[in-house]
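For reference, the structure discussed in these notes is given below.
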2 protein chains.
Amino acid sequence: MNETKTLRQYLRHRGLKVTQQREEIAQIFLGSKRHISAEQLHQQIREIYPKVGLSTVYRTLKLLVEAGLASQRRLGERITRFEPVAGDEHHDHFICINCGAIIEFENQDLEDLQEEVAKKHKFTILRHNLELYGYCQKCRRR
Amino acid sequence: MNETKTLRQYLRHRGLKVTQQREEIAQIFLGSKRHISAEQLHQQIREIYPKVGLSTVYRTLKLLVEAGLASQRRLGERITRFEPVAGDEHHDHFICINCGAIIEFENQDLEDLQEEVAKKHKFTILRHNLELYGYCQKCRRR
DNA sequence: CGAATTTTGATTTTGATTGTCAATATCAAT
DNA sequence: ATTGATATTGACAATCAAAATCAAAATTCG
């Protein structure tokens, strides 16, 4: 498996250690079905490697994300925010991962395109959430 | 303020009571800046109505969302899920609010359009998260 | 008003995630 | 292979937002 190598490379590159647990967790995770939570993964791992702790699963998942081998839904934000609904127009958000700024924008084409895709999949959209993470104008330079 | 009426209507319609706290919370919330958290709102409310409890703020925000007067970022999902990154292709998600199914899809036009909008706002996208909430094919009928 | 019902708010509980720390494992240099 | 410096582990505790609890208070409507 090539991804195991990627992980090892990443670890060495950062001066981190290639441990048995990290390899076990990566192995199970990479072969797992999609959208798995840390705890689900922990369950699965325990069936084969009963000694691996939940904390280590969390820590290793973080490493996998950093190594580009995992993607994480629910980025940043850990609390729920609310906003008054002014008119009827919906807006989406840029979120700067450097300074935390939230920039709103609207784009009807984007909304239309979403509806089109939904129709293709026979899905009825009631609401949506689009978050674009990156650097705002100010934080672009580094 | 018209929105206050909307809330009253909504409450009566559901056989709920129009209470002082609900009106106070709605008043402050509707006049507040965007992206406020339950706790931030609670602080603001306390400055004027010191007796309102945090629980009531949470409960009232829920009602405001149901009444269509507030929108809530970070819908559904309360846990973080991870998935292996197979290739380089990104995908987005439909999430059924009835059965919880997560349906993946890819659409390059959507990605391109996002990039275009970002360019307009001088924002550099590193990653994004698009969640379309609604009913899947099975749950459409009701 | 007064009874029936809902709501409130102080507090506790929940549940996911992160922090702590002594014991253990890894790795580079002997 | 052994050592020593350093990183990691796993059990457990701590955090933190959000939900649940429940007796006291407020609201509604006849």
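So that the names make sense, note that chain A is the first sequence line, chain B the second, and so on, each numbered from 1.
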Determine the minimum heavy-atom distance between [X] and [Y], stating which atoms define it.
X: B:Val52; Y: B:Thr56; answer: CG1-CB, 4.5 Å
X: A:Leu54; Y: A:Ala38; answer: CD1-O, 4.1 Å
X: A:Thr60; Y: A:Ile25; answer: OG1-CD1, 3.5 Å
X: A:Leu64; Y: A:Ala26; answer: CD2-CB, 4.2 Å
X: B:Cys136; Y: B:Ile103; answer: CB-CD1, 3.9 Å

### Query
Are B:His128 and B:Asp92 side-chain neighbours, meaning at least one heavy-atom pair lies under 4.5 Å?
yes
### Task
Take A:Glu116 and B:Asp109 through the side chain to side chain contact (heavy atoms under 4.5 Å, CB included) test and state the conclusion after the steps.
CA-CA 11 Å; A:Glu116 208 177 294; B:Asp109 292 344; over 6 Å; no
Is the phosphate of [N] approached by [X] (side-chain N or O, under 4.0 Å from OP1 or OP2)?
X: B:Thr80; N: C:dT17; result: yes
X: B:Arg22; N: D:dT27; result: no
X: A:Gln21; N: D:dG10; result: yes

Pairs: protein N or O with nucleotides 19-22 of chain D N or O, under 3.5 Å:
from, atom 1, to, atom 2, distance (Å)
D:dA20, N6, B:Ser55, OG, 3.3

### Message
Classify the ring geometry of A:Phe82 against B:Phe29: parallel below 30°, tilted from 30° to 60°, perpendicular beyond 60°.
### Response
perpendicular
Nearest-Å distance, [atom1] ([X]) to [atom2] ([N])?
X: A:Ile25; N: D:dG10; atom1: CD1; atom2: C1'; answer: 11 Å
X: A:Glu23; N: D:dT9; atom1: CD; atom2: C1'; answer: 15 Å
X: B:Glu24; N: D:dT27; atom1: CD; atom2: P; answer: 10 Å
X: A:Leu7; N: D:dT8; atom1: CG; atom2: P; answer: 12 Å

### Task
Could you tell me the separation between the CG atom of A:Leu11 and the CZ atom of A:Arg22, rounded to the nearest 0.5 Å?
5.5 Å
#### Entry: Contacting residues from residues 8-19 of chain B, given that a heavy atom lies under 4.0 angstrom of DNA chain C
B:Leu16, B:Lys17, B:Thr19
### Message
Contact list please: residues 37-52 of chain A against DNA chain C, heavy atoms, distance less than 4.0 Å, in numerical order.
### Response
A:Glu39
## Note on the structure
Sorted by chain and residue number, the side chain to side chain donor-acceptor pair (under 3.5 Å) partners of A:Arg46 (sequence neighbours excluded) come out as A:His42
### Query
Considering heavy-atom distances to DNA chain D, does B:Leu54 or B:Gln20 have its closest nucleotide positioned more toward the 5' end?
B:Leu54
### Summary
From the list B:Tyr133, B:Phe105, B:Phe94, ring-ring contact (aromatic ring centres under 6.0 Å, His included) with A:Phe123 holds only for B:Phe94
### Query
How large an angle, rounded to 10°, do the end axes of the helix from C:dC1-D:dG30 to C:dT30-D:dA1 enclose when each is built from five base pairs?
30°
### Task
With sequence neighbours excluded, tell me which residues meet ring pair (Phe, Tyr, Trp, His ring centres under 6.0 Å) with A:His93.
A:His91, B:His35
### Query
Under 6.0 Å from the CD atom of B:Gln20, do we count more than 12 heavy atoms belonging to anything else shown?
no
